[in-house]
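If you're wondering where the values come from, they're calculated on a predicted model, not measured in any experiment.
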Amino acid sequence: MNFQHQQAAHCESGVISSLMRHHGAPMSEAMALGLSSALSFAYLPFIKLSGLPLISYRMPPKAIIKGLLAPMAARFRFETFRSPQAGQQRLDALLADGQLVGLQTSVYWLPYFPPNMRFHFNAHNLLVYGKDGDDYLISDPVFEEPVRCASEDLSRARFAKGVLAPKGLMYYPQAIERKAVDAASVTKAIRKTVRNMLAPIPIVGVRGMHTLAKRMQKLSPNDPRSVDFIGHLVRMQEEIGTGGAGFRFIYAGFLQEAAQLLDKPQLTQMAERLIAIGDGWRAFALKAARMVKGREPVDPVALAGKLREQAQQEETFFRDLKAAVA
């Protein structure tokens with residue numbers, strides 16, 4: 001297969017942009033994230049990961065892939081399976097037909113990940129572009145080069161149990177009728193992201209950040225469970241989902257592309273502002289990590305204050321972005 005691997009900052013945006021490029025629709029990772037309106041924030045205390053609340057800086061898994069279907073006039077097929085055997089047989093059949101296939105997997109069971117990077121997260125996306133003996137040839141966007149994975153290991157990763165269990169999910173395009181991004185789709189996507197971030201719902205967008213700050217402020221600095229909560233927050237931000245900072249940096253790249261496509265130079269300035277906000281998320285994560293490692297006193301009130309600062313900056317930013325595309 002004449003496939004070109006390309007490293008990306010995030011797995012799902014990296015996979016879908018690679019799929020689009022492979023099928024003749026040039027697209028950057030930043031455009032994939034922005035056009036799908038995937039930038040978000042959610043604090044979901046009723047969904048648990050290892051007994052701690054789900055905190056997300058993007059829309060749910062598959063939102064980036066499905067968010068590109070309408071603007072690119074694309075049709076994708078999504079398949080899940082009841083058994084690992086059926087999932088492997090179907091994957092092998094598609095590869096034999098020359099199909100490039102996307103998979104949802106668990107990071108924990110992928111042996112090419114270094115041991116200290118493996119954790120039970122079931123929404124990692126990758127591409128399979130071939131098979132050599134018992135090894136699958138994989139383009140994992142978070143790695144610099146293509147990798148290999150034994151069939152048994154890949155099957156275990158595809159059928160892992162737990163939250164966001166992939167159930168062997170695979171996906172591939174059946175048609176991509178629009179090969180170029182149009183200005184109207186970009187404007188519509190920006191407006192949708194603004195609505196999501198400014199939504200009047202206490203667990204999403206900037207209001208979700210304030211709700212999480214209230215929860216953090218109630219933590220006791222002397223309770224070991226407080227350190228667990230703060231450590232979980234850092235992992236959710238900087239490891240599991242590319243990060244509060246990472247997604248802001250990628251979206252800033254989208255705004256830079258949108259500035260040219262829409263002939264709105266002010267979006268370039270908005271991109272610079274968002275990069276600064278992303279730097280603030282990195283500083284927040286660093287301070288939290290220092291508390292977890294005992295290099296600073298555990299101070300939930302101080303962290304809550306920094307989180308409120310981030311929320312206020314993002315609220316102002318997205319109100320100004322709304323005006324820029326009005």
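A 6.0 Å sphere centred on NZ of Lys179 holds more than 12 heavy atoms belonging to other residues, nucleotides or ligands. A 6.0 Å sphere centred on CD of Glu144 holds no more than 12 heavy atoms belonging to other residues, nucleotides or ligands. Counted within 6.0 Å of CD on Gln7, heavy atoms from surrounding residues, nucleotides or ligands total more than 12; the atom is thus considered enclosed. By the neighbour-count criterion of 12 heavy atoms within 6.0 Å, atom CD of Glu296 is densely surrounded, having more than that number from other residues, nucleotides or ligands. The environment of Phe113 atom CZ is dense: over 12 non-hydrogen atoms of other residues, nucleotides or ligands sit within 6.0 angstrom. Counting heavy atoms of neighbouring residues, nucleotides and ligands inside a 6.0 Å radius, atom CZ of Arg225 does not exceed 12 of them.
A 4.5 Å side-chain heavy-atom check between Leu137 and Arg148 finds at least one atom pair inside the cut-off. Between Pro53 and Phe229, some side-chain heavy-atom pair lies under the 4.5 Å cut-off. Side chains of Met72 and Leu35 form a contact here, defined as non-hydrogen atoms less than 4.5 Å apart. Contact of the Met31 side chain with the Val181 side chain is registered, since non-hydrogen atoms from C-beta on lie closer than 4.5 Å. Using a 4.5 Å heavy-atom cutoff, the side chains of Leu110 and Arg118 are not in contact. Counting only heavy atoms from C-beta outward, the side chains of Arg191 and Val325 approach each other to under 4.5 Å. The shortest distance between side-chain heavy atoms of Lys161 and Asn122 does not fall below 4.5 Å. The closest side-chain heavy-atom distance from Lys214 to Arg308 is below 4.5 Å.
Between the side chains of Gln313 and Trp281, no donor-acceptor pair is found at a separation under 3.5 Å. With no hydrogens or angles considered, no side-chain donor-acceptor pair links Thr268 and Gln256 at under 3.5 Å. Side-chain atoms of Ser18 and Arg21 form a donor-acceptor pair, as typed in the model, at a separation below 3.5 Å. Arg90 and Gln85 form no side-chain donor-acceptor contact under 3.5 Å, judged by distance and modelled atom types alone. For the 3.5 Å distance criterion, the side chains of Ser40 and Asn196 fail to qualify, holding no donor opposite an acceptor. Looking only at atom types and distance, the side chain of Asp182 has a donor-acceptor partner in the side chain of Ser185 under 3.5 Å away. A donor-acceptor contact closer than 3.5 angstrom links the side chains of Asp140 and His124. Counting only N and O atoms by type, the side chains of Tyr129 and Asn2 include no donor and acceptor under 3.5 Å apart. No side-chain N or O of Tyr136 forms a donor-acceptor pair with one of Asp153 less than 3.5 Å apart. Using a 3.5 Å distance cut-off with no hydrogens or angles, the side chains of Tyr171 and Gln104 do not pair a donor with an acceptor.
Between Phe247 and Tyr57, the ring centre distance reaches or exceeds 6.0 Å. Taking the ring centroids of Phe143 and Tyr112, they lie under the 6.0 Å cut-off.
Shown here for Leu100 and Val128, the closest heavy-atom pair between the two residues is CD1-O, 3.6 Å. A pairwise comparison of heavy atoms in Ser226 and Ser220 identifies OG-O, 2.5 Å as the closest pair. The nearest pair of heavy atoms linking Gly130 to Leu95 is N-CD2, 3.8 Å. Minimum heavy-atom separation, Asp134 to Ser151: OD1-OG, 2.6 Å. When every heavy atom of Leu267 is checked against every heavy atom of Ala259, the shortest pair comes out as CB-CB, 3.8 Å. Shown here for Pro141 and Asn125, the closest heavy-atom pair between the two residues is CD-O, 3.7 Å.
Side-chain atoms of Glu314 never come within 3.5 Å of backbone atoms of Val206 as a donor-acceptor pair (strictly under, hydrogens ignored). Side chain of Thr193 to backbone of Ala189: a donor-acceptor contact under 3.5 angstrom is found. Remark: the backbone N or O of Glu152 is not paired with any side-chain donor or acceptor of Ser155 at under 3.5 angstrom. Between the side chain of Thr211 and the main chain of Pro202, a donor-acceptor pair closer than 3.5 Å is present.
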Decide side-chain contact (heavy atoms from CB on, under 4.5 Å) for Met27 and Leu68; before the verdict, give the C-alpha distance in whole Å, the side-chain angles of both, and the deciding distance to 0.1 Å. CA-CA 11 Å; Met27 178 175 293; Leu68 293 181; 3.8 Å; yes
Please assess Lys287 against Asp299 for the test salt bridge (Lys or Arg N to Asp or Glu O under 4.0 Å), listing each intermediate value before the final yes or no. CA-CA 10 Å; Lys287 189 172 186 64; Asp299 190 346; over 6 Å; no
Leu19 vs Ile176, test: side-chain contact (heavy atoms from CB on, under 4.5 Å). Steps then yes/no. CA-CA 10 Å; Leu19 269 171; Ile176 302 174; over 6 Å; no
In sequence, state the C-alpha distance, the side-chain angles, and the governing distance for Phe284 and Arg282, and then conclude on side-chain contact (heavy atoms from CB on, under 4.5 Å). CA-CA 5 Å; Phe284 172 80; Arg282 281 281 160 86; over 6 Å; no
Kindly determine whether Leu321 and Met197 satisfy side-chain contact (heavy atoms from CB on, under 4.5 Å), including the steps that lead there. CA-CA 11 Å; Leu321 183 59; Met197 291 303 299; over 6 Å; no
Output, in order, the C-alpha distance, side-chain angles, deciding distance and verdict of salt bridge (Lys or Arg N to Asp or Glu O under 4.0 Å) for Arg207 and Glu315. CA-CA 9 Å; Arg207 292 193 63 183; Glu315 181 174 0; over 6 Å; no
side-chain hydrogen bond (donor to acceptor under 3.5 Å, both in side chains) between Ser13 and Glu29, worked out: CA-CA 5 Å; Ser13 51; Glu29 179 188 13; 2.8 Å; yes
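No single ILVMFWY cluster, assembled from side-chain heavy atoms under 4.5 Å apart, contains both Phe249 and Ile16. Note on Met59: it does not cluster hydrophobically with Val194, by side-chain heavy-atom contacts below 4.5 Å among ILVMFWY residues. Met117 and Leu126 fall within a single hydrophobic cluster, where Ile, Leu, Val, Met, Phe, Trp and Tyr are joined by side-chain heavy atoms under 4.5 Å apart, directly or via other members. A continuous path of ILVMFWY side-chain contacts below 4.5 Å connects Leu103 to Val107, so both sit in one hydrophobic cluster. Leu164 is connected to Met170 through a chain of hydrophobic side-chain contacts under 4.5 Å among Ile, Leu, Val, Met, Phe, Trp and Tyr, so both are in one cluster.
In this structure, Gln88 CD and Ser83 OG are separated by 10.0 Å, a value rounded to the nearest 0.5 Å. Distance check: His210 NE2 to Ile203 CD1 gives 15.5 Å after rounding to the nearest 0.5 Å. Annotation: the span from Leu233 atom CG to Met216 atom CE amounts to 5.5 Å, rounded to 0.5 Å. A distance of 12.0 Å separates NZ in Lys264 from CE in Met270, rounded to the nearest 0.5 Å.
Just one residue in the list Gln89, Lys167, Arg158 forms a side chain to side chain contact (heavy atoms under 4.5 Å, CB included) with Phe81, and that residue is Arg158.
By the 6.0 Å and 45° rule, Lys62 does not stack over the aromatic ring of Phe76.
Contact check on Asp320 versus Arg273 returns a salt bridge, with a Lys/Arg side-chain nitrogen under 4.0 Å from an Asp/Glu carboxylate oxygen.
The aromatic rings of Phe254 and Tyr251 lie tilted to each other, with the angle between the two planes from 30° to 60°.
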